[in-house]
Amino acid sequence: MPEYTLRIRRYDPQSGEAAYWEDHTVEMGAKQSVLDAILKIKDDTDGSIGIRCSCQQAICGSCGVRMNGKPGLACNTHLDEAAERGHGTGWNPGLAAGAEAEELGGEREDVIAVEPMGNMPVIRDLIVDMDAVHWKKIQRVTPWLINKEPVPEREYIVPHENMVDVTQTMACIQCGACVSDCLSMEVDPGFIGPAALSKAYRFVGDPRDAEPKERLKDLSEDEHGIYDCTHCFNCIDACPKGVDPMSQIMRLRRRAGDEYHINDRNNGNRHERAFVTLVRDYGLLHEAELLPRSYGGDSWFGKFHPAAAGELLSSMPSAIPAVMRGKISPKLAALGHKIPKQDLKSVQEIYKQVDDPEHEVELNLYVTGYEDETPEHSPHDDEPDDHPGETVGAEEREAPAESSVPEPEEDER
Amino acid sequence: MKVAYWPGCVSRGFTPELHGSMAKVAPLLDIELVELDRAACCGAGVIAEHNQELADTLNARTFALAQQTDGELMMNICSTCQGAQSECQERLDANTDYREHVNTHLSEEGLKYEKGLTNKNFLWLLVEDFGLDELRSRVKRPLTDLRVGPFYGCYIVRPVDRLGIDDEHPRDRYLHQLIEALGGTVVDYAGVYKCCGFPIITMNKEASLTQAGRHVGDAIDAEADCLVVPCPLCHLNLDLQQPVAAKVVGRELGLPILHLPQLVGLALGLSPKELGMNKHIVRPTSVIDWSTSVVAAA
């Protein structure tokens, strides 16, 4: 049986001592879980290790931890996977330690560093204070249905496609893995965050809810709301349930802007509209116009708005040297750059056909899945080998009864 | 090799030194660039946040234009373009009905996107197609003693499934491998895979620049001489905004930030000025000092 070293981060805030790493070696099957290993260590060697767990089947969401730098559930992470994991993450203490052993002339060890989740205070060892951060944020988004009046005598009749639309967010088990590695929250602890905002979409997207507009207005106007997400994709890779929190935040933005035209004070919607309009008018991004319009409003006059003036002044320390050093040419700043006329016309024709909120098409791959058994959509399409990991999750999900994609004819207007 | 080359908007806008240095470096690597000058902005995730189908259609048009060239594949020089385009391509390739629907909007121009385009960032192309051994053989001025911190940018490392990152394609280690192949020393620091903060610069400037300032500060603490970024948007927050970020995080910074082709160009023997480093906001003094000391030694 393979041998694994678990390097567990021990910390008791009440002891007054600093946190430290403690190594435990276990002999266990590669397909046993990290939680199995921790529970075995607790039984055999040290009962004082603190970890929260219950169902051991990836349903209760209690055992969220960081394993080799990546957050997830200890109960559904195999030991061999945990020893290898770390793609797309930063510091990987386990891999570093394993490599170190090899460098010192020994054999390469399989070291799994297990730490408490980030962005939340540690209560003890691997247990974090979910109440202080995660649950507080969940409560912030009014996580219940506000009934539409009048309440029908019997059940509400809800269109199938609407419920399919919110299923993805309903898969959340509140484990906090996404909160742990949220890079916006790392610098702005007030950020409502990926888990709570996904929960918000669950109700914004529910046709039985009476106040989607008020919810969206609240979440747009809050400086720690939907426009505080920095689009780093960490929550997507963190989530053990495929909730795709960042995409839910983008859908909240889409609804706030397109459906309810909420012009928030954080410049979120103005920035989005300015970006979209500039690409329509130039084919390329006109950076020098984007900034003032994001602050002042989506027109050429935006820069003369008082809200834009202050911001523009404050960016002068960067802008002046940029012009002086030839980084930003005054001509480009004034006129922008455009694609050739004929192509710009084609782009504008695409806008005419597609940029219409009434007939917008949205493809949710969580719902529709990938149509191929073999992952031909793989980014390595020049290579014949298959990467079964590419579509994990999606291919396991049942295809919905109906496709959300319209027949091509339908849209030819 | 010949590639359909998508430079993106910012490399021809606020970071002209990126587009310029790529043009200088390509011939030294026998890469022929067929520029996609008719294509539109990738949307940087912002157009998709407004209307997914619009972003998918604009990028399908770009892909179709790339497929019309005789380039072996499509190459970009911007992490954000890579991520935004990979996201659109994932949807287009996953569903025939949807792809055909999107293609109806391109038919007037006689364009059609055929599933299965290969679109790679310059970094991926260097490692996977050009090869690091070949690159090593062309190095004229090894980056000896230059301590370089990699900064990938979110869009090129996550989500790992969509971007095809796995044990066979450890694309999240390519910058590390590249720095070593060029003879430099990799500096590991906390910010390697973190966000530069640029996407929220207009929405929450303080949070945005705290991110930029913190990562630059961490790299300085790890004794980096410079950072290298494959993303011009990261460059804007890390270089153009660095003086402001320094005020936000309350410490002195002043770390040169290099675009990927600039770092490669340095090792291939080009001068910092030829690579447009004089256009940076943070003067790349340490890098220039290094390059002159190497020249002097040689």
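Numbered from 1 within each chain, the chains take letters A, B, ... in sequence-line order.
Looking at L332(A), the atoms closer than 4.5 Å to chain B (heavy atoms on both sides) all sit in the side chain, from C-beta outward. Contact annotation for E223(A): only backbone heavy atoms (N, CA, C, O) come within less than 4.5 Å of a heavy atom of chain B. No part of Q342(A) comes within reach of chain B, as not one of its non-hydrogen atoms sits under 4.5 angstrom from that chain. In this structure, the portion of D188(A) lying under 4.5 Å from any heavy atom of chain B is its side chain and not its backbone. Using a 4.5 Å cut-off between heavy atoms, Y227(A) touches chain B through backbone and side chain atoms alike.
Rounding to the nearest 0.5 Å gives a distance of 9.5 Å between CG of D93(B) and CD of E371(A). In this structure, R158(B) CZ and I236(A) CD1 are separated by 10.0 Å, a value rounded to the nearest 0.5 Å.
Of the N and O atoms on the side chains of E108(B) and S346(A), not one donor lies less than 3.5 Å from an acceptor on the other residue. Side chain to side chain, H50(B) and D355(A) meet the donor-acceptor criterion of an N or O pair below 3.5 Å. No side-chain N or O of N278(B) forms a donor-acceptor pair with one of R325(A) less than 3.5 Å apart.
Looking at every heavy atom in both residues, K194(B) comes nearest to L183(A) through CA-CD1, 3.7 Å. Taking each heavy atom of D37(B) and I339(A) in turn, the nearest pair found is O-CG2, 4.0 Å. Contact detail for V160(B) and D237(A): the closest heavy-atom pair is N-OD2, 3.1 Å. For the pair T230(A) and G197(B), the tightest heavy-atom approach, listed with the atom from each and the gap, is OG1-CA, 3.9 Å.
The most heavy-atom pairs under 4.5 Å with chain A, out of G191(B), G83(B), P16(B), come from P16(B). Note on Y351(A), F191(A), F275(A): by heavy-atom pairs under 4.5 Å with chain B, the leading option is F275(A).
Residues of residues 246-255 of chain A that come within less than 4.5 angstrom of chain B, heavy atom to heavy atom, are M250(A), R253(A), R254(A) in numerical order.
In this pair, H231(A) and Y155(B) present their aromatic rings parallel. The plane angle is below 30°, not in the 30 to 60° band.
Around the CD atom of E206(B), the shell of radius 6.0 Å holds no more than 12 heavy atoms that belong to other residues, nucleotides or ligands.
Annotation: side chain of K327(A) is in contact with side chain of E17(B) (closest heavy-atom distance under 4.5 Å).
The side chain to side chain contact (heavy atoms under 4.5 Å, CB included) test with L363(A) singles out one residue from R91(B), H101(B), R99(B), and that residue is R91(B).
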